[in-house]
Structure formats: structure tokens, C-alpha cells
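Reading through the C-alpha cells given below for one structure.
For the numbers below, each heavy atom of this structure counts, side chains included, while hydrogens, waters and symmetry mates do not.
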Amino acid sequence: MVDDNMTFSLWLDFIERDFLKERFVDLVERRVVNGATSNPSIFAQAIGNSPAYREALKALSGRPPKEKYEALAVEDIKTAALVLRGVYDEGSEGYISIEVDPFLAFDTAGTVAEARRLFRMIDEPNVMIKVPATEAGYAAMSELLGDGISVNATLVFSPEQARCCLDAMKVGIDEFENTGGERVEGVISVFVSRFDRLLDPQLEEKGLPTALTGIMNAAKIYNIVQANHTPSVRTLFASTGVKEGQNLPPDYYIRELYGPHCINTAPLATLEAFGERGLPEHPVLPIPQEKIDDYFHTLETNGIVMDEIYRRLLEEGIAAFEASFASLLTLLTEEDK
């Protein structure tokens with residue numbers, strides 16, 4: 001559940017047409033969530049499994065697959081934005097995110113052009129465009145925020161990526177405000193659980209604590225964002241669902257990253273598990289920097305090179321996003337057969 005006093009927000013990482021018209025409305029009205037995120041994998045699951053898209057797909061028959069995807073996605077994102085508009089109009093939150101084509105991750109001009117086009121098509125102010133945290137992405141973030149388009153910086157794994165996002169966002173936000181713009185915001189989406197799924201087998205062999213690297217890395221980036229003192233940029237914790245085999249409470253990555261001025265986006269089952277147990281009595285964040293530094297020093301002395309981990313996870317993340325988008329386009333191509 002959302003904690004307004006703590007300025008702790010929960011966003012739903014899920015999209016499906018019928019769900020948006022009924023259950024999502026209820027979740028927003030009850031303040032279970034105050035925002036949402038999407039990605040090509042979520043759309044592929046929705047389009048492939050839900051009968052809600054059958055008629056729309058028939059009407060789109062014969063069109064190129066990416067055009068089909070955009071037509072379906074734009075309608076769903078607009079629906080979600082309208083549900084969240086009341087929250088947005090209150091002055092904060094109320095955003096829904098849509099991702100640019102992941103094959104544009106290293107193309108600044110292509111990212112900016114597609115982001116502007118999607119934003120115009122959806123035509124709602126409370127839409128965030130998801131842009132990968134690459135060198136090309138940083139430049140795109142500045143341009144988009146300067147245009148008054150809010151940005152969700154995605155695939156953030158390292159503190160260095162977070163600093164680059166902050167610098168890029170500040171340039172864009174300052175430009176927008178200096179030209180009379182009133183409201184544009186950014187979030188820095190830190191991926192959490194992937195660190196533990198990668199490193200925990202090694203740590204367990206070495207007799208070291210597990211299920212902590214993702215938390216400590218996220219807490220480190222959170223501290224960097226907070227120290228930047230830019231109210232319109234917040235940390236968003238992503239990839240916070242517990243996967244099979246992790247032997248953790250389903251809401252572990254929400255509960256362990258509970259604190260002020262941040263957002264956690266998660267699947268519905270994870271959010272429901274968190275709601276069943278209620279809000280924690282005390283915030284976990286911020287974690288003292290000395291404790292974070294000690295943790296990573298222990299990893300280093302045990303042969304874990306974080307720069308290599310950061311690079312690997314980013315490369316794998318981009319590849320996974322591209323594969324998901326390609327699978328979605330294949331699915332939409334096969335709809336015409």
C-alpha cells in the first residue's frame with residue numbers, strides 16, 4: 001500500500017486491457033498503487049493470453065507488427081493514464097511508463113524521435129517514457145525532459161549509471177523550467193533482484209550472506225539520488241519480484257527497500273503480499289553509507305568485481321529487452337496467419 005506520510009510509492013508492473021478497466025481502477029482508488037509500469041514482455045503476455053485484444057487485432061490485420069504493437073500499447077497506456085490522472089493532478093505520482101523500442105538503446109536520435117511520437121499519440125501528461133541508461137540514452141533523457149516529457153531511466157545497475165542519469169536529467173529539467181515549463185519528472189529505475197540471482201550461488205559457496213547485494217546496491221544508488229537534492233527525480237526500485245528458488249518472502253525486495261522519496265514497482269502478487277503484512281513500523285532506507293561500503297569491500301576481498309557484474313547485467317538486460325520485443329513482434333506477425 002502507498003504510504004503518503006513516508007512519500008513511499010508503489011507502482012504496478014502489469015498491463016492488460018480488461019484489468020485496466022476494472023481491477024486497476026479499484027487498486028488506484030484504494031491507494032494500493034499510485035502508478036504503473038509496462039514493458040514489451042508484459043504486453044506480449046497480455047496480447048498473447050487475453051481475449052480482450054481479439055477484436056482489435058482483427059481490425060489491425062495486415063499492418064506491420066510494430067504498428068500493431070503501438071496501436072494496442074497506446075490505447076492501453078492512455079487508459080491507464082486516465083485512471084491515474086486524478087492522482088497526478090493532486091501534484092505527484094500518477095504516472096504510467098511505456099518503453100521505447102529497445103533496439104534503439106544506442107541511438108539517441110531514434111530514441112528521441114520515437115519517444116516524442118509515442119507521447120503525442122498517447123496525448124496525456126502523466127506518461128513517462130522509458131529510456132535505457134546508455135550513453136545514447138543519457139543524451140535522449142536531456143532532450144526529452146527539456147521538451148517537457150517525463151522520463152523513466154531503465155536498466156540502471158551501477159552507481160555510475162545513476163550519476164549519469166542524474167546529470168542528464170538535471171540538464172533537461174533546468175532547460176524546461178527556464179523556458180517556463182511547470183512540471184516534468186524523472187525516475188531512475190534500479191534493477192534489484194538480478195544481482196542476487198547471479199551472485200548468490202557464489203556467495204553461498206564462500207559462506208557469505210545471500211540476498212543482500214541487490215539491496216545494498218539499490219541503497220547505494222538511493223543515497224546518491226537523495227544527496228543530489230533534486231525533488232523532481234526519485235529512485236524507482238525495479239525487478240523486485242522474488243523468483244522461484246530464492247526462498248525469500250514474496251515481498252522481500254519491497255520491505256527491505258522501504259523508505260522516503262522512492263518508488264517500488266512490482267507484479268500484482270508481490271504488491272498483494274506486501275499489503276497483507278502491512279507497512280513496516282520503521283523505514284529501512286537510508287542505509288548508512290559506511291555499512292554499504294563495508295559490504296562491497298567484503299565482496300571485493302572475496303573476488304567479486306562489481307564493475308564486471310554491472311557490465312554483464314547491463315549487456316544481459318539490453319539483450320533480454322531486445323529478445324522480448326522481437327518475440328512480441330513475431331507474435332503479432334503470426335496473428336495474420
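With hydrogens and angles ignored, the 3.5 Å screen pairs no side-chain donor or acceptor of S61 with any backbone N or O of L57. A side-chain donor-acceptor contact under 3.5 Å links K68 to the backbone of L332. Side-chain atoms of T230 do not come within 3.5 Å of backbone N or O of V233 as any donor-acceptor pair. In this structure, the side chain of D13 does not engage the main chain of A36 through any donor-acceptor pair within 3.5 Å. A donor-acceptor contact shorter than 3.5 Å is absent between the side chain of E114 and the backbone of T111. For the pair R255 (side chain) and F274 (backbone), a donor-acceptor distance under 3.5 Å is present. T333 places a side-chain N or O within 3.5 Å of a backbone atom of L329 that can act as its donor or acceptor partner.
For the atom pair I173 CD1 and N178 CG, the distance stands at 11.5 Å (nearest 0.5 Å). Rounding to the nearest 0.5 Å gives a distance of 7.0 Å between OH of Y53 and CG of L72. Distance check, rounded to the nearest 0.5 Å: CD1 of I304 to NZ of K206 gives 5.5 Å. The CD1 atom of I42 lies 11.5 Å from the CD1 atom of I47; values are rounded to the nearest 0.5 Å. Between atom OG of residue S158 and atom CG of residue L313 there is a gap of 10.0 Å, rounded to the nearest 0.5 Å. Interatomic distance, D200 CG to Q246 CD, rounded to the nearest 0.5 Å: 7.0 Å.
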Under 3.5 Å, side-chain donor or acceptor atoms of residues 278-290 against the rest of the protein: list the pairs with distances, not counting sequence neighbours.
unit_1, atom_1, unit_2, atom_2, d
Q289, OE1, N223, ND2, 3.1
Q289, NE2, D293, OD1, 3.0

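Aromatic ring orientation, F43 versus Y69: perpendicular (interplanar angle above 60°, classes split at 30° and 60°). Using the six-membered ring where Trp is involved, Y88 and Y95 have ring planes that are perpendicular, over 60° apart on the 30 and 60° scheme.
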- Message: The test is side-chain contact (heavy atoms from CB on, under 4.5 Å); show your working for S324 and N39 and say whether it passes.
- Response: CA-CA 9 Å; S324 293; N39 60 50; over 6 Å; no

- Checking salt bridge (Lys or Arg N to Asp or Glu O under 4.0 Å) for the pair R234/E185: CA distance, chi angles, key distance, verdict? CA-CA 8 Å; R234 287 168 295 165; E185 299 181 56; 3.4 Å; yes

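Ion pair D167/R163 not flagged as a salt bridge, since none of the NZ, NE, NH1 or NH2 atoms sits closer than 4.0 Å to an Asp/Glu carboxylate oxygen. A salt bridge links E70 to R117: at least one charged side-chain nitrogen sits closer than 4.0 Å to a carboxylate oxygen. Between D307 and R311 there is no salt bridge, since none of the side-chain N atoms of the basic residue sits less than 4.0 Å from a carboxylate O of the acidic one. With respect to the salt-bridge test (charged N to carboxylate O, under 4.0 angstrom), the residues E272 and R23 qualify.
Pairing each heavy atom of T270 with each of P250, the nearest pair is CG2-O, 3.3 Å.
Ring pair F191/F237: centre-to-centre distance not below 6.0 Å.
Within a 6.0 Å radius of CZ in R312, other residues, nucleotides and ligands contribute 12 heavy atoms or fewer. Counting heavy-atom neighbours within 6.0 Å of E204 CD, excluding the residue itself, gives a total of 12 or less. More than 12 heavy atoms of other shown residues, nucleotides or ligands fall within 6.0 angstrom of atom NZ in K78.
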